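Below is one structure, written out as structure tokens; the observations come after it.
Note that the structure is predicted; figures quoted are calculated from it, not measured. All values below come from the heavy atoms of this structure, side chains included, with hydrogens, waters and symmetry mates left out.
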Amino acid sequence: MIKILGQSTYYQFLMFLRIKQAVFFSLVFPVFLFFIFGNLWGAADKDYISLLLSGIIGMTVASDGLFAVGPVVKEYYASGLIKYLRKLPFNILWHFTGLILSRIISLLFIVALLCLTAKLAFDYSVTLSQLLDFVSGIFIGLFLFSFTGLVITFSGIKHNSSAGLINLIYFIMLFTSKALYHIENEMINLVGNILPLNSILSILRGEGFHTSIIAWLLFTIALFYYLFNKVKFGR
Amino acid sequence: MKDIIVSDITYTVKGKTILSNVSLSVDTQDSFALLGENGSGKSTLIDIILNDIKPDKGHVRFFENTKSNFDKIGVLYDHSPLFPMLKVEESIRYFTSIYGLKYQDIEKQYFELFEIQKIQKTLTRELSQGEKKRVGILLSIIHNPDLLVLDEPFANLDPTITGRIWNTLKNKNRTIFFTTHDWKKAEKQATKIGFIYGGKIIHQPKSPKQILETLPALKKITISNTDDFAKNLTNWQYYIYDESIHIFFDEKSDLLKTINTLTSNFSIQEVDLKDAYLFHVHNMTT
């Protein structure tokens with residue numbers, strides 16, 4: 001099974017690298033955003049650069065998880081590939097796990113690029129402890145957002161309505177979160193704290209692990225498993 | 001031994017009956033072709049057989065077991081199960097690793113037969129439909145299954161390699177259940193034919209020869225269905241299709257004389273499976 005997981009991860013990563021738009025938005029865009037925002041609002045403010053760096057990593061983890069996993073799996077469904085994968089002598093979750101791991105590899109590469117940009121553009125050095133926080137946040141965040149994306153995709157799979165819903169959830173989550181700025185409004189803060197991005201940002205920023213993440217993870221994984229087994233392949 | 005047993009399957013969608021009490025069985029080593037027009041329920045039945053759709057009633061068994069196990073079954077869907085952004089050899093490598101097989105063994109055994117060398121470095125999305133079909137068929141047999149369930153295996157396939165691929169599929173006396181729109185090929189390749197119309201099996205599955213023998217004659221006269229010719233044909237068996245009347249013709253009968261009095265524009269042909277299907281549909285609906 002480890003070999004299959006390795007192969008799945010490798011081929012999913014290869015597929016990702018062959019889609020130019022995906023490479024641009026996953027690799028180039030976060031670095032571009034970091035560079036622009038950092039220069040606009042915090043070139044001399046190391047605290048803001050630190051907040052922005054972890055915020056952009058959190059934002060990228062959320063968008064990668066929500067958009068790069070669920071919709072891909074939906075495409076498998078639409079093309080009939082899932083029907084075929086279900087006939088193979090392996091648990092299909094290994095294939096999806098490979099997909100998530102391939103995204104983790106690309107995110108680790110993004111983190112390296114962002115850290116390099118922080119050093120070169122803002123003379124900001126990332127510590128080893130921060131790096132460990134980033135890696136932890138990426139692993140936990142990507143699994144959480146991937147399963148969230150899968151749940152949204154599979155709950156609306158018959159009605160082709162998931163793309164709009166994922167966009168809505170992503171932007172509500174992003175704008176109520178502490179990814180790019182501090183939030184003073186209590187109501188927005190409350191919404192942001194209920195949604196999972198703030199908890200992931202806490203890990204990325206070394207502020208600790210919120211137990212609500214476990215609840216989100218268990219809930220989304222269980223719900224996806226239920227929805228996936230319930231999917232009827234209509235004609 | 002029965003490799004597939006389909007018992008009393010009924011499937012409805014939003015009140016519309018797609019399949020109605022469908023039962024059939026496929027014996028070991030049979031090549032069973034399920035034939036029917038578009039929308040007759042062929043692909044839906046394949047989906048139910050492959051456990052992709054749950055029927056409202058009835059059940060399917062493989063190898064006379066109650067539990068479905070696809071380890072010994074090769075599957076080909078109408079659309080090939082391929083990743084668009086992977087090259088052909090990458091897809092095959094991935095599937096061989098899932099089956100725990102050696103890529104080199106598959107390459108040696110099948111690449112020449114399926115003409116994979118020419119396309120192995122090509123991205124799947126750049127393949128033609130026929131090339132995708134070849135890869136799809138190859139993937140259905142790489143694990144050397146005992147039973148193949150194939151939806152439209154000949155569609156888009158280059159006719160020059162169809163025979164070679166079929167012989168490979170039939171290798172080791174595999175049982176094959178397939179659907180096709182190529183009725184001539186079905187007549188040639190299948191050992192048993194089942195007809196489906198309006199979600200019902202309309203004739204007890206038989207060999208192509210036996211099916212043709214169920215017709216009133218082995219030849220037919222085809223005339224254009226103008227001037228209401230059919231009312232003059234009360235003594236003969238016929239069916240009407242595509243604005244033509246197809247009358248079963250025994251050379252001992254005086255049908256030819258009658259036709260000559262009606263028109264000089266007709267043709268005489270040997271009957272085939274399509275005639276058998278349409279004749280049975282005609283009998284069922286009139």
- Examine B/K72 relative to B/F62 and say whether NZ or CZ is less than 6.0 Å from the centre of the six-membered ring and inside a 45° cone about the ring axis. no
- Non-hydrogen atoms of chain B under 4.5 Å away: do they reach the side chain of A/L14, the backbone, both or neither? side chain
- Message: Just so I understand: if I count every heavy-atom pair under 4.5 Å between each of B/D71, B/L50, B/I18 and chain A, which residue has the most?
- Response: B/L50
- Between B/R174 and B/D146, is there a salt bridge with N-O shorter than 4.0 Å? no
- Message: Counting heavy-atom pairs under 4.5 Å with chain B, which one of A/K3, A/R18, A/Q7 comes out on top?
- Response: A/R18
- Task: Measure from NZ or CZ of B/R134 to the centre of the six-membered ring of B/F114, then state whether that distance is under 6.0 Å and the direction lies within 45° of the axis.
- Result: no
- Task: Please assess B/S43 against B/D151 for the test side chain to side chain donor-acceptor pair (under 3.5 Å), listing each intermediate value before the final yes or no.
- Result: CA-CA 7 Å; B/S43 294; B/D151 196 2; 3.1 Å; yes
- Thinking salt bridges, do B/E90 and B/R93 make one under a 4.0 Å N-O criterion? no
- Task: Below 4.5 Å from any heavy atom of chain A, which atoms of B/I73 appear? Answer side chain, backbone, both or neither.
- Result: neither
- Query: When only pairs under 4.5 Å are counted, which of A/Y10, A/F90, A/Y76, A/Y11 shares the most heavy-atom pairs with chain B?
  - Reply: A/Y11
